[in-house]
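Excluded from the calculations below are hydrogen atoms, water molecules and symmetry mates; all remaining heavy atoms, backbone and side chain alike, are included. Lettering follows sequence order; numbering is per chain, from 1.
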Protein chains: 2
Amino acid sequence: MGARASHYKYLTDLPPGKSRDIYIELQKAILSHGLLPGVKLSEDEVGELFGASRTIVRTALQALSHAQLVTIEKNRGAFIAQPSIKEAQEVFEARELIEPRVAGMAAKIITPKDIQILEEHIQAEHDAIAAGDSGEALSLSGFFHVMIADIAEHEVFSKIVRSLISRSSLIIALYWKRLDTTCESHSHHALLDAFAKNDVQAAEEIMKSHIVDLHSGLDLKSRKQTKQSLASILKK
Amino acid sequence: MGARASHYKYLTDLPPGKSRDIYIELQKAILSHGLLPGVKLSEDEVGELFGASRTIVRTALQALSHAQLVTIEKNRGAFIAQPSIKEAQEVFEARELIEPRVAGMAAKIITPKDIQILEEHIQAEHDAIAAGDSGEALSLSGFFHVMIADIAEHEVFSKIVRSLISRSSLIIALYWKRLDTTCESHSHHALLDAFAKNDVQAAEEIMKSHIVDLHSGLDLKSRKQTKQSLASILKK
DNA sequence: TGATTAAAGATTGTATACAATATGGAATAG
DNA sequence: CTATTCCATATTGTATACAATCTTTAATCA
């Protein structure tokens, strides 16, 4: 669906196999707002879609639940998570603390090749916006942050960032108030400049203000209504 | 096993039920070094111990694997995780960033009742040390940090801290080099003083240096050998 | 004796059947 | 017409049987 080849990788703890495939496909759909908060993921339905037994589907759903992308209610089933206002606030507070540090670490050890990959990624973001594919654009802009965490070569922070970014996607689906979705590009470019100079402090500051800016784009008073009937939007 | 009633709670995402019980019991055993890194957790064996079917056991083991306390190897089974030297380093770097912030947040809003509970908890640590139960003492000193995160009333940070503390327990099992296990008490007391004065900055600084101190107690060159045959050490 | 191979056993991976619970609709009473 | 109860249906929870894979043991050959 993206206009260019992707350099980022979807990740999960799951071992290779059908459960992992299902996890990744559902995650993709969630991050690109193909599946919106509140949507039910019936085991039979998901199994039907992917040609897998309930055993396999349950493994994937439980993993998504541990990643907080899905909420499992006893005897009722799995639903795309609907982060509360407080959780939204907290996720962005955590990002404001952690991601600047990670960006600084990346700035220290980033290579020209890394920078080139990031540039291409930003270009892909532009392309997606130009193509009117806002879901893909959102997904890509999230992955930009994950890629930085990977460059920093710190797996513990990287996993935490991945988790926070994923949850941010749900939060944006529920609470985003701005009309412009293109707000990201400027900060991402500025960050690249700091990276090119290996300027740790600048990278930290830019990342911090970027996340504060994202945070301020949320309307944390009212929650959007999300209905959407089913999970028929799972095309590759 | 503790000399006093516990104010802390073991937590998991799992819904109430046998899987949750097994998760919590295994977690307890891991955090108190009853189960050491590398030990195999056979599904049949665990199921036998708890009178549960493999289905239930697998749910618990998968949850522990997502918490990174257990490693699942395809077709080989589940083992208590053995954090690498790099992972150990990273976990403590993450703690050095996050926990001081959390301690500062707690200092802002802590109540006299909270402080009293923390005092009692420290006393329980002392009792465990006096009783020579170093496993329990270690477990309690970890929970002290989790309790602070809970006092800060920030669920996102709290979950991250819980995860880091749990993994620290495995790291300590593999890399701890000091002879004295009582090193903790002083810092914990100092932290309480800062809390009593609602001194945010002092709380941050004490927590930071406390974790740096813990970090320096690790020997991150060689990994201890851990054998231990089986999981027969699961008494309440 | 040592190494290699082969077969037997044990353990995990997956599908499915059945049980428990929740959901939605129909029938009845007010 | 509204509200309530009860039943039929659908969905999740759990146990178990079977398949796939790995491990161990024993036998064979150099």
Side-chain angles (χ1 to χ4, degrees), chain A residues 12-26 35 37-82 226-232 234, chain B residues 12-26 35 37-82 226-232 234:
Chain A
T12 164
D13 294 332
L14 262 32
K18 263 189 189 165
S19 289
R20 189 177 199 276
D21 296 343
I22 294 175
Y23 180 103
I24 288 175
E25 286 304 312
L26 290 176
L35 285 169
V39 172
K40 168 148 195 188
L41 298 171
S42 139
E43 295 181 355
D44 279 332
E45 193 177 0
V46 176
E48 194 76 22
L49 270 167
F50 291 95
S53 79
R54 280 181 53 213
T55 306
I56 303 298
V57 174
R58 277 175 79 82
T59 299
L61 292 177
Q62 283 173 358
L64 284 164
S65 143
H66 291 125
Q68 315 232 209
L69 294 182
V70 152
T71 303
I72 295 178
E73 294 176 35
K74 190 171 166 82
N75 285 319
R76 293 208 51 240
F79 304 82
I80 308 293
Q82 300 182 282
T226 66
K227 298 230 174 69
Q228 197 201 41
S229 57
L230 281 210
S232 56
L234 280 177
Chain B
T12 165
D13 294 332
L14 262 33
K18 262 187 191 167
S19 289
R20 189 178 199 275
D21 295 343
I22 294 174
Y23 180 103
I24 289 175
E25 286 304 313
L26 290 177
L35 285 170
V39 172
K40 167 148 194 190
L41 298 172
S42 137
E43 296 180 354
D44 279 332
E45 194 177 0
V46 175
E48 194 77 21
L49 271 167
F50 291 97
S53 80
R54 279 180 55 213
T55 306
I56 303 299
V57 173
R58 277 175 79 83
T59 299
L61 291 177
Q62 283 173 357
L64 283 164
S65 143
H66 291 124
Q68 315 231 207
L69 294 182
V70 152
T71 304
I72 295 179
E73 294 176 35
K74 190 171 166 85
N75 285 318
R76 295 208 50 241
F79 304 82
I80 308 293
Q82 298 182 284
T226 66
K227 299 228 175 68
Q228 196 201 42
S229 58
L230 283 208
S232 56
L234 281 175

key: Selected nucleotide, minimal atom distance to B:Arg58 side chain, candidates C:dG13, C:dA15, D:dT12   = C:dG13
Rounded distance in Å - [atom1] ([X]) to [atom2] ([N]):
X       : N      : atom1 : atom2 : value
B:Glu43 : D:dT14 : CD    : P     : 16 Å
A:Glu48 : D:dT11 : CD    : C1'   : 15 Å
B:Leu14 : D:dG13 : CG    : P     : 11 Å
B:Asp44 : D:dC22 : CG    : P     : 18 Å
A:Ile56 : C:dG13 : CD1   : P     : 10 Å
A:Glu45 : D:dT12 : CD    : P     : 9 Å
A:Leu61 : D:dT11 : CG    : P     : 14 Å
B:Lys18 : D:dA15 : NZ    : C1'   : 11 Å

task = Assign a letter to each nucleotide of nucleotides 16-22 of chain C from its 5' end: B, base within under 4.0 Å of a protein heavy atom; S, sugar-phosphate only; -, no contact.
result = B----SS
query = Quick one: is D:dT12 close enough that its OP1 or OP2 comes under 4.0 Å of any side-chain N or O from A:Lys40?
reply = yes
request  = Determine yes or no for a side-chain-to-main-chain donor-acceptor pair under 3.5 angstrom, with B:Lys18 supplying the side chain and B:Gly51 the backbone.
outcome  = yes
ask   = Which pairs count as salt bridge (Lys or Arg N to Asp or Glu O under 4.0 Å) when at least one residue sits in residues 55-70 of chain B, sequence neighbours excluded?
value =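 For residues 55-70 of chain B: B:Glu43-B:Arg58.
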List, one per line, each side-chain donor-acceptor pair under 3.5 Å for residues 66-74 of chain B, sequence neighbours excluded.
{"residue": "B:His66", "atom": "ND1", "partner": "A:His66", "partner atom": "ND1", "Å": "2.7"}
{"residue": "B:His66", "atom": "ND1", "partner": "B:Gln62", "partner atom": "O", "Å": "3.0"}
{"residue": "B:Gln68", "atom": "OE1", "partner": "A:Lys159", "partner atom": "NZ", "Å": "3.3"}
{"residue": "B:Glu73", "atom": "OE1", "partner": "B:Arg76", "partner atom": "NH1", "Å": "2.7"}

ask   = How would you list, by chain and number, every residue that makes a side chain to side chain contact (heavy atoms under 4.5 Å, CB included) with B:Asp44, sequence neighbours excluded?
value =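 Residues passing side chain to side chain contact (heavy atoms under 4.5 Å, CB included) with B:Asp44: B:Ser42, B:Arg54.
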ask   = Could you state the interatomic distance from CG (A:Leu26) to CZ (A:Phe50), rounded to the nearest 0.5 Å?
value = 5.0 Å
request  = Run through B:Leu14, B:Val46, B:Leu64 and flag the one making a side-chain contact (heavy atoms from CB on, under 4.5 Å) with B:Ile22.
outcome  =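 Answer to the side-chain contact (heavy atoms from CB on, under 4.5 Å) test with B:Ile22 among B:Leu14, B:Val46, B:Leu64: B:Val46.
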